[in-house]
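Remarks on the structure that follows.
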Amino acid sequence: MKNTIPLQLHVPEPPARPGQAPDFSWLQIPEAGSVPRPDTATEPQEMRPLAYTLIRVLDEAGAAVGPWNPRLDPETLRRGLRTMMLTRAYDERMFRAQRQGKTSFYMRCTGEEAIGVAQAMALDDRDMIFPTYRQQSILIARGWPLVDMMNQVFSNTQDRLKGRQMPIMYSSKQASFFSIAGNLATQFPQAVGWAMASAIKHDDRIAAGFIGEGATAEGDFHHALTFASVYGAPVILNIVNNQYAISSFQGIAGGEHSTFAARALGYGLPALRVDGNDFLAVYAATRWAADRARSNRGATVIEHFSYRATAHSTSDDPSKYRPAEEAALWPLGDPITRLRAHLTALGEWSDERQAQLSTEVDNEVQQAQREAESYGTLGTGEHHSPATMFDDVFKEMPWHLRRQRQELGF
Amino acid sequence: MNMVQALNSAMDVMMARDDNVVVFGEDVGYFGGVFRCTEGLQRKYGRDRVFDTPIAEAGILATAVGMGVYGLRPIVEIQFADYIYPATDQLVSTAARLRYRSAGEFTAPITVRAPCGGGIFGGQTHSQSPEAIFTHVCGLKTVIPSNPYDAKGLLISAIEDDDPVIFLEPKRLYNGPFDGHHERPVTPWSEHEAGEVPDGHYTVPLGRASVVREGEDVTVLAYGTMVHVALAAATEAELDAEIIDLRTLVPVDIDTIVASVTKTGRCVIVHEATRTSGFGAELSALVQENCFHSLESPIARVTGWDTPYPHSLEWDYFPGPKRVAEGLRRAMED
């Protein structure tokens, strides 16, 4: 049978481009507290609607409402706020350091702080994180020293990674934080493998993998979900949907016709779609998924619906591809502002305490930066000896690397 | 033992010695692998430690990396080396680089077993020898045994090694020392001294070649199936060739190579893989760099052609004893 109309290719276009007014009419935001919270023992097929909605706890007035409210005490909430503010202050200082020529590259997580901080606080510190490149807040939430992170960003003499990795590619075995890869998505099925190993050894630790919505298009995403489903791996598979893969809006990754959370359903895995700018929602969803994993019910996919409020990286200029006002007008707001409003509504916070905390985290970051810079920056050129370049390719250096090191003059 | 039994024995020995050793891959569990290398291991060590996987080589390698990071010592089987390409990102970008990028904090002590090479009418998707793809990647070790004794000892070394090892098994050698004479039956390993394989633990160290035949006329650098082809070719060409079985390609045993070529002054490099940018090119460069003043004739290469492995024409593709003998004579001319 012959076609009667010419075939057409569909190339997705975002709702607005620079110079146009931001358009959020496509966004469906359910009321806070309106999404039911099933028992973790519920069969995944009975929870399918959770992949298409948005779990929200904080309402417009700053109240925590509904069945997903994790009922955290004010001390925990303040710790969450402080960690998010510390992360943002750290990001701002490191961004400026890059602009000042102290390092080659930096990536902020502005607007996405709640995802890492709330997840880290809802997990045990021994649970293994397989991050992508915008989860610095997890390291900070685990109390990892800012100085050590800065040493890595500056590739200086105290950089534990010996200047081998681009800035922000942190790694800390002690913090159960896996080495960050530039080859996106590779860590997602690795998280599943780690979780399988934990199950093989009848351990009590679970894993949490992170991926951006853009990288869900990689084959490794599919492998992660397949293996997680087949082996009932105790892992949380987090998709951070910040709407952009560098310049490409989420439609280019396949977000136009379904949600990223719904990818899980074909694998028989349960999925939660969560307001990623809602600290309490992220905390509650993480706890729910962790409880499932810890009771041998297997993996959960969580889509954290958020917005990348700043550029992809210091090498990117979002004014070239999206409306300038889009970030400020993002309907789900800012995670720090929202948690602050909640604490204020509870009577557990004030403008004075906010200003005081703001100064405190700025000072903490400044002090760390002074120390880190005393060990050098990429700009000043103090770094590890070139002889170290040949270490760690293998556990023991074979003859050809020894010869090459000699060729370099060491 | 034949080579399949020797490989099975290596895994058995290591699983018994080390609870962290796990084995997985396509069809390796209950069934015991399409070449039977993992037969009986699931029954003996349980489904937690020996299991079937989905058909997803990238997923197999990725989960192996995650398990390695946890502290396990995974042995994974890629059913045919030809199927390894989907796993390349995990191998190259992660397994090979993990120690380096984390400055030794995280490692991937994985052994990747994969049957390689032709001679079984496997066509272009069941016959390849992709070793040079991996020898080019820093951080990977690449091993190819040529007989059951070495296969077991090298596999144990690979499993015990703290770095990722690509362990290529010439499938044409599983049952006997195939010398390229496809027109006649292969002698079983039971009639070969390298078929005498101890039951227990022993190692053949990585990075050490073996001089399988001493000679004065010409050095032959070979590995895998081509070791036996070279032996046959040397006999048929009536040359006193020194035949070196490299066994490990990275790190290659430069001392044994240099000692031999310095002695003979002539060198023929033989491999089944395609020629351009094959491992022979690296060997040729190493010999030239290290033995130039000892060379009496140009280094010769006898390899598979730069074509896909053709199904019905595989014996025209395969660098058999006749072609290797011609290469030897060529090296003796000048």
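Side-chain atoms are counted along with the backbone in the values below, which use heavy atoms only and exclude waters and symmetry mates. Treat the numbers as computed from the prediction; the structure is a model and nothing was measured.
Cation-pi check for A/Arg142 over A/Phe177 is not met; the charged atom does not lie both under 6.0 angstrom from the ring centroid and within 45 degrees of its normal.
For the residue pair B/Ala158 and B/Val165, the shortest heavy atom distance occurs at CB-CG1, 3.7 Å. Contact detail for B/Val76 and B/Ala64: the closest heavy-atom pair is CG1-CB, 3.8 Å. The two residues B/Met14 and B/Ile159 make their nearest non-hydrogen contact at CG-CD1, 3.8 Å.
Only the backbone of B/Leu140 comes within contact range of chain A, with heavy atoms under 4.5 Å apart. No part of B/Asp255 comes within reach of chain A, as not one of its non-hydrogen atoms sits under 4.5 angstrom from that chain. For a residue to count as touching a neighbouring chain, one of its non-hydrogen atoms must lie under 4.5 Å from one of that chain's; by this rule A/His202 touches chain B with the side chain only. Neither the backbone nor the side chain of A/Phe188 comes within contact range of chain B, judged by heavy atoms closer than 4.5 Å. When heavy atoms are compared at a cutoff of 4.5 Å, A/Met128 approaches chain B solely by way of its side chain, counted from C-beta outward. Contact of A/Ile180 with chain B is made through the backbone alone, with heavy-atom distances under 4.5 Å. Residue contact with chain A, scored on non-hydrogen atoms closer than 4.5 Å, involves the side chain of B/Val250 exclusively. Using a 4.5 Å cut-off between heavy atoms, A/Val393 contacts chain B through both its backbone and its side chain. Interface remark: A/Thr186 contributes backbone and side-chain atoms alike to the contact with chain B (heavy atom separation under 4.5 Å). Using a 4.5 Å cut-off between heavy atoms, B/Asp19 touches chain A through backbone and side chain atoms alike. Proximity to chain B (any heavy atom under 4.5 Å) is shown, for A/Met389, by both the backbone and the side chain. In this structure, chain B has heavy atoms under 4.5 Å from both the backbone and the side chain of A/Phe394. With a 4.5 angstrom heavy-atom cutoff, B/Asp48 touches chain A via backbone and side-chain atoms both. Within the 4.5 angstrom heavy-atom criterion, atoms from both the backbone and the side chain of A/Ala181 approach chain B.
A/Asp392 has no carboxylate O lying under 4.0 Å from a charged side-chain N of B/Arg97, or vice versa, which leaves the two without a salt bridge. Salt bridge status for A/Arg205 with A/Asp203: present, with a side-chain N to carboxylate O gap under 4.0 Å. Checked for salt-bridge contact, B/Asp162 and B/Arg99 miss the test: no charged N lies under 4.0 Å from a carboxylate O.
The stretch residues 105-112 of chain B places B/Glu105, B/Phe106 near chain A, each with some heavy atom under 4.5 Å from a heavy atom of that chain.
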Stepwise, does the salt bridge (Lys or Arg N to Asp or Glu O under 4.0 Å) test hold for A/Asp204 with A/Arg294?
CA-CA 7 Å; A/Asp204 60 355; A/Arg294 290 190 209 287; over 6 Å; no

Which is it for B/Tyr223 and B/Glu131 under the side chain to side chain donor-acceptor pair (under 3.5 Å) test, yes or no, and what are the steps along the way?
CA-CA 11 Å; B/Tyr223 48 89; B/Glu131 66 272 11; 2.6 Å; yes

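Of the residues considered (A/Gln187, A/Lys201, A/Arg160), A/Lys201 shows the highest number of contacts with chain B, using heavy-atom pairs under 4.5 Å. In terms of heavy-atom pairs under 4.5 angstrom with chain A, the leader among B/Val69, B/Leu72, B/Val22 is B/Val69. Most heavy-atom pairs under 4.5 Å with chain A, from the set B/Gly207, B/Ser93, B/Pro54: that is B/Pro54. No other option in A/His223, A/His400, A/Lys395, A/Met196 has as many heavy-atom pairs under 4.5 Å with chain B as A/Lys395. Contact count against chain B (heavy-atom pairs under 4.5 Å) is highest for A/Trp194 among A/Tyr170, A/Trp194, A/Phe130, A/Tyr231.
Between the side chain of A/Thr103 and the main chain of A/Phe154, no donor-acceptor pair closer than 3.5 Å is present. Remark: the backbone N or O of B/Tyr100 is paired with a side-chain donor or acceptor of A/Arg164 at under 3.5 angstrom.
Counting heavy atoms from C-beta outward, B/Asn8 and B/Cys37 have side chains that stay 4.5 Å or more apart.
Atom CD of A/Glu396 is surrounded by 12 or fewer heavy atoms from other residues, nucleotides or ligands within 6.0 Å. Enclosure of atom CZ in A/Phe105 by more than 12 non-hydrogen atoms of other residues, nucleotides or ligands within 6.0 angstrom is indicated.
Side-chain atoms of A/Thr286 and A/Gln119 include a donor-acceptor pair closer than 3.5 Å.
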